[in-house]
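Just so you know, these numbers come straight off a predicted model, no measurement behind them. Residue indices begin at 1 and follow the sequence shown.
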Amino acid sequence: MYKLIDGKAHSAAIRGEIAQRVNTYKQTYGSEVGLAVVLVGNDSASQVYVRNKIKGCEEVGIKSFAYYLPEESTQEQVEELVEGLVENDAIHGILVQLPLPKHLNAEKILKLIPERKDVDGFCEENIGNLCMNRKCLVACTPNGVMKMLEREGIDLKGKNAVVIGRSNIVGKPMAMLLLNADATVTVCHSKTRNLKEICSTADVLVAAIGRAKFVTADMVKDGAVVIDVGMNRDENGKLCGDVDFENVKDKCSYITPVPGGVGPMTITMLLYNTITAAERSRTVG
């Protein structure tokens, strides 16, 4: 019998811990913890994400600074805003909501965010520190996966872990985190041969490719832990993950649902990174 990993419950518990840390910070230093979110343009999905991030900040006591720029904003205007946020000591984390309008150079804009305020965990310094197993701000979704595994008491030492997907946002940092936890890690992608056979050796299988119900029962080892990072729509328009949940679940020891699994953890780990960045700002330099 499988156990469902409840991302909502884990997220709520971690947010309670974050709220305590934020309160302690305020009492200790007499100042707020600040997160700045920059949204350029009118992308509806991005607007929803930003609203959820602001709501999350309110929930744990973090002060949010939201900046809405019009679609036609120039590269110089966005860069000038971000540079100002970098210099603002009241802001401990900066998040530029992606995707940006196509005429903007997102890489150049993101490079302006220093390691200490990079609460997305995307900058080269944070990725490099993660690879070297040093203290850093870690990409939110994979870090959320690790927190869930940890809270479920799942020991990763010596386990075979397979990650399907090699994105800079999820796949690569996920593989590094698993490796740092002493798992033996294989990363699969669109050019991987014998994908089914490789996946079926996994004690821990993480699906992060953005293809609805891609992982089928014959790809899953009996007793595996299956983590579904996907967020897709099926043929009926219903929300689903990268894993064919109904057919896979009975082969698993643990499995995350979609929705209600990894999803709730992502914004929670953004809040976690923000209070962590604030605390470090008081101990570094």
Side-chain angles (χ1 to χ4, degrees), residues 1-18 45 48-49 52-53 55-56 59 120-121 138-156 159 161-167 169-175 177-178 181 183 185 187-188 199 202-217 219-234 236-273:
M1 181 66 183
Y2 68 91
K3 182 180 179 188
L4 207 62
I5 301 178
D6 187 344
K8 287 182 181 176
H10 286 304
S11 174
I14 293 170
R15 287 193 187 198
E17 295 165 5
I18 293 168
V48 171
Y49 292 142
N52 287 338
K53 286 163 185 173
K55 186 180 173 186
E59 190 181 319
D120 262 333
V138 181
C140 299
T141 299
N143 204 18
V145 170
M146 295 302 288
K147 293 292 182 189
M148 287 198 298
L149 293 172
E150 181 185 313
R151 294 174 75 90
E152 290 288 343
I154 296 168
D155 185 12
L156 296 169
K159 300 285 177 64
V162 173
V163 179
I164 313 175
R166 55 176 171 179
S167 73
I169 295 171
V170 179
K172 289 176 184 174
M174 187 77 253
L177 286 165
L178 290 165
V185 183
V187 180
C188 298
C199 290
D203 301 308
V204 178
L205 180 62
V206 181
I209 50 167
R211 292 177 63 181
K213 301 181 182 180
F214 178 82
V215 175
T216 50
M219 297 170 71
V220 177
K221 176 182 177 180
D222 285 334
V225 176
V226 176
I227 305 294
D228 191 348
V229 183
M231 192 69 75
N232 314 290
R233 297 278 175 183
D234 66 13
N236 301 313
K238 187 181 175 185
L239 204 60
C240 69
D242 291 350
V243 176
D244 184 357
F245 182 86
E246 289 303 322
N247 291 313
V248 167
K249 63 183 182 182
D250 291 319
K251 292 190 77 174
C252 304
S253 55
Y254 293 85
I255 187 169
T256 61
V258 176
V262 176
M265 294 294 292
T266 299
I267 291 178
T268 296
M269 297 318 296
L270 172 69
L271 305 173
Y272 178 94
N273 279 350

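Partner of Met174 under the side-chain contact (heavy atoms from CB on, under 4.5 Å) criterion, out of Ile169, Val187, Val206, Val229: Val206 alone. For the pairing with Val243, the side-chain contact (heavy atoms from CB on, under 4.5 Å) check across Val258, Leu205, Ile227, Val248 returns one residue only, Val248. Only one option out of Val163, Leu177, Thr266, Leu178 pairs with Pro142 in a side-chain contact (heavy atoms from CB on, under 4.5 Å); it is Leu177.
In terms of heavy-atom proximity, Ser253 sits nearest to Gly223 at OG-O, 2.8 Å. Across every non-hydrogen atom of Asp228 and Gly241, the tightest pair is OD2-CA, 3.2 Å. Residues Gly7 and Met148 share a closest heavy-atom pair of CA-SD, 3.8 Å. Minimum interatomic distance between Val170 and Ser167 (heavy atoms only, all atoms of both residues): N-OG, 2.9 Å.
Within the model, atoms NZ of Lys213 and SG of Cys240 stand 5.5 Å from one another, a figure rounded to the nearest 0.5 Å. To the nearest 0.5 Å, atoms CD1 (Ile267) and NZ (Lys53) are separated by 6.0 Å. Ile18 contributes atom CD1, which lies 6.0 Å from atom OG1 of Thr268 (distance to the nearest 0.5 angstrom). The line from CG of Asp242 to CD1 of Ile209 is 5.0 Å long, rounded to the nearest 0.5 Å. We find the SG-CG distance between Cys140 and Leu271 to be 8.5 Å, quoted to the nearest 0.5 Å. The line from CG of Asp222 to NZ of Lys251 is 5.0 Å long, rounded to the nearest 0.5 Å.
Other residues, nucleotides and ligands contribute over 12 non-hydrogen atoms within 6.0 Å of the NZ atom of Lys159. Summarising the local packing, CZ of Arg151 is surrounded by more than 12 heavy atoms from other residues, nucleotides or ligands at distances under 6.0 Å.
For the residue pair Tyr272/Lys147, the side-chain donor-acceptor check at 3.5 Å is satisfied.
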(request) Tell me, with the steps shown, if Phe245 and Val215 meet side chain to side chain contact (heavy atoms under 4.5 Å, CB included). (result) CA-CA 9 Å; Phe245 182 86; Val215 175; over 6 Å; no
(request) Could you give me the CA-CA distance, side-chain angles and deciding distance for Thr256 and Val226, then say whether side chain to side chain contact (heavy atoms under 4.5 Å, CB included) is met? (result) CA-CA 7 Å; Thr256 61; Val226 176; over 6 Å; no
(request) Could you walk me through whether Leu239 and Arg233 pass side chain to side chain contact (heavy atoms under 4.5 Å, CB included), step by step? (result) CA-CA 5 Å; Leu239 204 60; Arg233 297 278 175 183; 3.9 Å; yes
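Residues Val220 and Cys199 fail the side-chain proximity criterion, which asks for heavy atoms closer than 4.5 Å. Looking at heavy atoms from C-beta onward, Val225 lies in side-chain contact with Leu149 at the 4.5 angstrom threshold.
Lys3 places no side-chain N or O within donor-acceptor distance of the main-chain N or O of Tyr254, the cut-off being under 3.5 Å. Using modelled atom types, no side-chain atom of Asn236 and backbone atom of Lys238 make a donor-acceptor pair closer than 3.5 Å. Under a 3.5 Å cut-off, the side chain of Asn273 and the backbone N or O of Val138 do form a donor-acceptor pair.
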